[in-house]
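All remarks here apply to the structure that follows.
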Amino acid sequence: MHPIREDLMSWSDKLSKPYRVKDGKHFRLKDYDPADMRGEELNKEEGIALLNKSIERMSELQSKLYAQDRWALLLIFQAMDAAGKDGAISHVMSGVNPQGCQVYSFKQPSSEELDHDFLWRTMRCLPERGRIGIFNRSYYEEVLVVKVHPNILANERVPDSLVTKDIWKERYQDIHAFERYLSRNGVVVRKFFLNVSRKEQKRRFLERLEQPDKNWKFSSADVRERECWDDYMKAYEEMIQNTASKESPWYVVPADHKWFTRLVVAAAIVDTLEELDLAYPKVDAEKRKELESARKMLGTEK
């Protein structure tokens with residue numbers, strides 16, 4: 001058996017590390033192949049088996065995370081349409097206890113949200129200690145779609161004097177500072193860009209059109225956004241260059257093969273939770289006496 005399959009901690013690190021970006025200074029999106037599968041070291045059947053194993057391990061670690069009640073984990077997913085965000089979230093997180101996991105999808109801002117700063121609506125949804133929070137899209141939309149379509153910025157009611165040529169640089173700085181603040185307060189942030197190719201996105205769009213049970217997923221706006229593909233790729237590249245950090249890295253995950261996408265995401269999450277050295281709270285002497293008393297009471301029941 002190949003070494004990458006022998007130990008869960010070993011393969012999770014080996015699968016996720018090649019796609020992790022902790023310093024964006026020299027990051028170039030063209031260096032990351034959307035169809036990459038690490039030289040096909042794993043076939044699909046083996047990959048799905050490892051995914052199932054990682055989901056089991058994630059469940060164990062989540063239980064400790066919840067019981068320890070010290071750390072929180074925030075997972076952020078960004079991608080072009082049809083890259084597989086929803087599927088990755090539902091499959092990878094299928095084994096976790098819903099009591100300790102919260103998922104939020106951020107779409108077009110409401111009127112109330114537009115009356116606040118751009119971080120406000122996501123800040124309200126941060127996970128509590130002991131829980132995993134998932135953002136399906138996030139505050140990063142403010143340096144992606146808003147950057148690609150600057151007219152959206154006008155609807156955000158930011159004072160004109162603050163909308164300068166440096167606004168994107170300033171938003172990167174604000175995001176970086178916000179994530180640093182979270183990491184200093186026990187909220188571990190991991191960010192995933194599901195990197196799908198334009199060719200594969202087209203194939204998936206056509207599949208949605210051709211299969212009646214997938215028609216509901218399709219929007220004509222998705223096709224219009226394809227016309228801005230190069231602008232979006234540039235925005236994603238600059239986003240990662242300016243917001244990747246050691247404390248809050250990006251994972252540029254190949255998204256042309258869904259099973260491999262899910263495996264890499266699961267590996268990154270397991271690897272992150274393993275690093276936290278999670279454990280169930282230790283029971284002190286007084287608590288042990290209480291437990292022994294309860295055991296005796298139950299033992300005398302008829």
Side-chain angles (χ1 to χ4, degrees), residues 4-17 19-20 46-77 85-105 122-136 138 179 182-192 247-249 251 253 259 261-295 297-298:
I4 199 172
R5 300 167 202 152
E6 292 180 354
D7 178 75
L8 189 59
M9 290 181 65
S10 174
W11 71 253
S12 63
D13 181 68
K14 289 180 180 179
L15 278 171
S16 63
K17 192 174 182 179
Y19 309 109
R20 184 172 63 209
E46 293 170 327
I48 291 174
L50 283 176
L51 175 59
N52 292 333
K53 181 184 281 191
S54 74
I55 290 172
E56 292 177 9
R57 180 57 179 157
M58 199 184 307
S59 178
E60 297 169 1
L61 291 167
Q62 184 215 11
S63 180
K64 293 180 180 179
L65 177 78
Y66 186 81
Q68 193 180 62
D69 197 28
R70 289 293 182 271
W71 296 95
L73 176 61
L74 175 60
L75 307 174
I76 295 175
F77 289 83
K85 293 192 313 302
D86 293 350
I89 292 169
S90 63
H91 280 78
V92 172
M93 308 306 292
S94 61
V96 302
N97 185 342
Q99 184 178 353
C101 184
Q102 303 147 325
V103 183
Y104 296 96
S105 294
T122 48
M123 289 176 67
R124 301 164 67 207
C125 301
L126 291 172
E128 305 98 312
R129 298 192 191 283
R131 289 171 171 78
I132 298 174
I134 299 172
F135 286 178
N136 186 344
S138 66
E179 292 177 348
L182 292 178
S183 69
R184 289 175 173 175
N185 284 273
V187 181
V188 179
V189 182
R190 294 294 181 266
K191 303 170 293 192
F192 300 90
E247 296 79 14
S248 305
Y251 290 85
V253 184
W259 70 268
T261 302
R262 295 163 185 173
L263 181 58
V264 172
V265 170
I269 297 172
V270 169
D271 195 42
T272 298
L273 290 171
E274 295 282 12
E275 290 176 353
L276 298 181
D277 194 24
L278 302 169
Y280 291 110
K282 292 183 178 180
V283 177
D284 58 25
E286 184 176 346
K287 184 67 174 180
R288 283 197 296 271
K289 287 175 61 178
E290 180 185 335
L291 296 176
E292 184 58 31
S293 176
R295 184 181 293 108
M297 290 177 64
L298 291 170

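One-based numbering along the sequence shown.
Contact of the Leu51 side chain with the Lys53 side chain is not registered, since no non-hydrogen atoms from C-beta on lie closer than 4.5 Å. Counting heavy atoms from C-beta on, the side chains of Val265 and Phe77 come closer than 4.5 Å. Side-chain atoms of Leu74 and Val188, non-hydrogen and from C-beta on, never get closer than 4.5 Å to each other. Counting only heavy atoms from C-beta outward, the side chains of Lys191 and Glu179 approach each other to under 4.5 Å. The closest side-chain heavy-atom distance from Val270 to Glu274 is below 4.5 Å. Side-chain contact check for Ile269 versus Ile132: every heavy-atom pair is 4.5 Å or farther apart.
The side chain to side chain contact (heavy atoms under 4.5 Å, CB included) search around Ala67 returns Tyr280, Pro281, not counting sequence neighbours. Shown here are the side-chain hydrogen bond (donor to acceptor under 3.5 Å, both in side chains) partners of Arg190, two or more places apart in sequence or in another chain: Thr272. For Glu56, there are no salt bridge (charged side-chain N to carboxylate O under 4.0 Å, His left out) partners, not counting sequence neighbours. Partners of Tyr251 under the ring pair (Phe, Tyr, Trp, His ring centres under 6.0 Å) rule, at least two apart in sequence or in another chain, are Phe192. Ser138 meets the side-chain hydrogen bond (donor to acceptor under 3.5 Å, both in side chains) test with Gln78; sequence neighbours excluded. Residues satisfying the side-chain hydrogen bond (donor to acceptor under 3.5 Å, both in side chains) test with Glu60, not counting sequence neighbours, are Arg57.
Taken from NZ in Lys64 to CG in Leu276, the straight-line distance is 12.0 Å, to the nearest 0.5 Å.
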List the atom pairs, with distances to 0.1 Å, where a side-chain N or O of residues 85-102 and a protein N or O form a donor-acceptor pair under 3.5 Å, not counting sequence neighbours.
residue	atom	partner	partner atom	Å
Asp86	OD1	Asn136	ND2	2.6
Ser90	OG	Asp86	O	3.1
Ser90	OG	Gly87	O	3.1
His91	ND1	Gly87	O	2.9
His91	NE2	Arg262	NH1	3.4
Ser94	OG	His91	O	2.8
Asn97	OD1	Gln99	N	2.9
Gln99	NE2	Tyr66	OH	2.8
Gln102	NE2	Glu128	OE1	2.7

>> Run Phe135 and Leu75 through side chain to side chain contact (heavy atoms under 4.5 Å, CB included) and show every step you take.
In response: CA-CA 6 Å; Phe135 286 178; Leu75 307 174; over 6 Å; no
> Would Leu61 and Leu65 count as a side chain to side chain contact (heavy atoms under 4.5 Å, CB included) if you check the C-alpha gap in whole Å, the side-chain angles of each, and the deciding distance to 0.1 Å?
Replying inline: CA-CA 6 Å; Leu61 291 167; Leu65 177 78; over 6 Å; no
>> The test is side chain to side chain contact (heavy atoms under 4.5 Å, CB included); show your working for Arg20 and Asp271 and say whether it passes.
In response: CA-CA 12 Å; Arg20 184 172 63 209; Asp271 195 42; 3.8 Å; yes
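The two atoms that bring Leu15 and Ala267 nearest to each other are CB-CB, 4.0 Å, heavy atoms only.
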